[in-house]
Amino acid sequence: MSPASLVRGCTIKAANSIISTLGFIVFLYLDFLEIIFCIIYRFLDKFFEGKACSCYCESREAQEGNAGVDAEGIEMSETLYRRQNVFRQTGLLGFARKWENCSVGAAEGKMVNNNKWSDCGCESCVSWMKDGSGQKLHVVMREPSRAANADSCSNLAENVIFLHGFLSSSSFWTETVFPNLSESGEQNYRLFAVDLLGFGRSPKPNNCFYTLRDHLEMIEKSVIHPFELKSFHVVAYSMGCIIALALAAKYSDCVKSITLVAPPYFPSSKEEASLVALQKLAGKKLWPPLLFGSSFMSWYEHLGRCVCLLICRNHKIWENILKLLTWRRDLHFIAVDLTRHTHHSAWHTMHNVVCGGAKFMDDYLETLMKSKVKFCVIQGDSDNVVPLECSHNFKSKVTDAQVSIVPNADHVSVVIGRDRDFTINLELIWTSIADPEFCLEDDNSSEI
């Protein structure tokens, strides 16, 4: 080994050691802050709302008797309870809970479906509580244009359901795919872009744990049943891929194709699948910054709530500041969607869908493989959110899936920035279902 290589190797090793040491110190400090804010929020909730809000700082056994959690067989992810915190087992939390029980009383009953003091109360965020739609998702539907008679057109058209990713909304599809449909696509497809439960303009109830079942039931109630869909294609992005597979497995006789963009798929035993997903997508690391942000919001329930209290609750103020700084009247939909949720909806969806759903992925795939549903997977080769290994894992599980790796594309630019090319590819996928001999090729992408 040359002296230069030796020096380079020693430098990298020293840098990794420094980052590792700093990481240990930072996360130890965050562990301590998490316990402190657990105590603070229990008293704030009691003061503002008359009862303390339940959290996951206690063991699963202790939680089962508190606030209705698991009392009715709700599928809660193991990651909610098994997030390690070195201060959780100390006497500090137990002392605070004992003092709270003596002074203000313990929390009783189930969560109520009211807007919390720490959530935004602006008209756009609570409109679902006031309008007549009640507990139904916000759905953007685009009818086909090939016939003068709308009813006859809808009956002849093929249906496509679009599901967005984490901290996003239906705008992800209505701003990218919908405007770029070809004339043929506009004539032959009826499109449904859904705001998932807890995000965008859909309801964000506090008496919900945002499990896969909750998300599926709302999609059924808002799209499948009212529009009497007998067959449909599914297109999903990132977190939405897990919900898409659950939906497709339940309606395996109705699904014509499934297109998954950057699906988080980590094959592992059911016992460890949720924890593996948490470590892969949000492991406790300082670098890169995006991973640190993910780990901060996924491991620290109360610190994450602080961020939402500062940003999501005051999103109108931040939006106005951004408009002033950028001199734009209308912000990019990504910036707007990023705050359209509550901490309760985002926290539980992250753990109960992204992590908790990991243990069901293999079952869903096996069900769909038996039904011979066509799979198409698309991912950027520079994806820094969902590891590229996920596409390789998918191909190993579903050998006849078409997996396309888009060069020089990351988690966002795999769709945004190449909207037209992405839409063309989608239409080719749908056409290939109708005509099995149709040649399907993705622009500039490689297949594995």
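All of these numbers come straight from a predicted model, not from anything done at the bench.
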**OP:** Determine whether the side chains of Ser182 and Glu427 contain a donor N or O and an acceptor N or O closer than 3.5 Å.
**Re:** yes
Original post:
Could you state the interatomic distance from CH2 (Trp173) to OG (Ser168), rounded to the nearest 0.5 Å?
Top reply: 9.0 Å
Original post:
Would you say Asn159's side chain and Tyr189's backbone share a donor-acceptor pair under 3.5 angstrom?
Top reply: no
**OP:** Using only heavy-atom distances, determine whether the side chains of Ser169 and Arg340 contain a donor-acceptor pair under 3.5 Å.
**Re:** no
Original post:
When you look at Ser257 and His233, which way does the side-chain hydrogen bond (donor to acceptor under 3.5 Å, both in side chains) test go after all the steps?
Top reply: CA-CA 5 Å; Ser257 75; His233 301 270; 2.7 Å; yes
Original post:
In terms of heavy-atom contacts, does CZ of Phe48 have more than 12 from other residues, nucleotides or ligands at under 6.0 Å?
Top reply: yes
Original post:
Between the main-chain N or O of Asn188 and the side-chain N or O of Glu158, is there a donor-acceptor pair closer than 3.5 Å?
Top reply: no
Original post:
Within the side chain of Arg418, is there an N or O that forms a donor-acceptor pair under 3.5 Å with the backbone of Val414?
Top reply: yes
Original post:
Do any N or O atoms from the side chain of Asp410 and from the backbone of Asn384 form a donor-acceptor pair under 3.5 angstrom?
Top reply: no
Subject >> Any donor-acceptor N/O pair, Lys374 side chain to Lys372 backbone, under 3.5 Å >> reply: no
Original post:
If only atom types and distance count, is the side chain of Glu175 paired as donor or acceptor with the main-chain N or O of Phe333 below 3.5 Å?
Top reply: no
Original post:
Are any side-chain N or O atoms of Ser238 and backbone N or O atoms of Gly165, one a donor and one an acceptor, separated by less than 3.5 Å?
Top reply: no
Original post:
Yes or no on side-chain hydrogen bond (donor to acceptor under 3.5 Å, both in side chains) for Asp195 and Ser170, after CA distance, side-chain angles and deciding distance?
Top reply: CA-CA 5 Å; Asp195 279 9; Ser170 56; 2.6 Å; yes
Original post:
Atom CG in Asn85, atom SG in Cys38: separation rounded to 0.5 Å?
Top reply: 9.5 Å
Original post:
Say you draw a straight line from CZ of Phe422 to OG1 of Thr259; how long is it, rounded to the nearest 0.5 Å?
Top reply: 7.0 Å
Original post:
Sub-3.5 Å donor-acceptor pair from the side chain of Ser396 to the main-chain atoms of His392, do we have one?
Top reply: yes
**OP:** Report yes or no: does Asp214 contribute a side-chain atom to a donor-acceptor pair with the main-chain N or O of Thr211 at less than 3.5 Å?
**Re:** yes
**OP:** To the nearest 0.5 angstrom, please state how far the CG atom of Leu167 sits from the CE atom of Met297.
**Re:** 8.0 Å
**OP:** Taking all heavy atoms of Leu368 and all of Ala248, pick out the closest pair and write down the distance.
**Re:** CD2-O, 3.4 Å
**OP:** Could you tell me whether Phe375 and Phe394 have their ring centroids closer than 6.0 angstrom?
**Re:** yes
**OP:** Run the salt-bridge test on Arg213 and Glu75 with the 4.0 Å N-O cut-off and return the result as yes or no.
**Re:** no
Original post:
Near Tyr300 OH, under 6.0 Å, is it more than 12 heavy atoms from other residues, nucleotides or ligands?
Top reply: yes
**OP:** Measure from the ring center of Phe178 to the ring center of Phe162 and say whether it is less than 6.0 Å.
**Re:** yes
Original post:
Can we call the ring centroids of His351 and Tyr81 under 6.0 Å apart?
Top reply: no
Subject >> Approximate separation, where rounding is to 0.5 Å, of Leu212 CG and Asn352 CG >> reply: 8.5 Å
Original post:
So how far is it from Asp383 CG to Ser413 OG, rounded to the nearest 0.5 Å?
Top reply: 8.5 Å
**OP:** On the 0 to 90° scale, with breaks at 30° and 60°, tag the Tyr237-His411 ring pair as parallel, tilted or perpendicular.
**Re:** tilted
**OP:** In sequence, state the C-alpha distance, the side-chain angles, and the governing distance for Leu196 and Leu163, and then conclude on side-chain contact (heavy atoms from CB on, under 4.5 Å).
**Re:** CA-CA 7 Å; Leu196 292 171; Leu163 303 179; 4.0 Å; yes
Original post:
For the rings on Tyr56 and His348, is their centre-to-centre separation under 6.0 Å?
Top reply: yes
Original post:
So, Asp363 and Lys270, do they make that salt bridge, N to O below 4.0 Å?
Top reply: yes
Subject >> Side chain to side chain, Cys125 and Asp119, heavy atoms closer than 4.5 Å >> reply: no
**OP:** Check the surroundings of atom CZ in Arg201: do more than 12 heavy atoms from other residues, nucleotides or ligands lie under 6.0 Å from it?
**Re:** no
**OP:** Using the six-membered ring wherever Trp is involved, compare the ring planes of Phe199 and His341 and label them parallel, tilted or perpendicular (cut-offs 30° and 60°).
**Re:** tilted
Original post:
With sequence neighbours left out, what residues match Arg313 under salt bridge (charged side-chain N to carboxylate O under 4.0 Å, His left out)?
Top reply: none
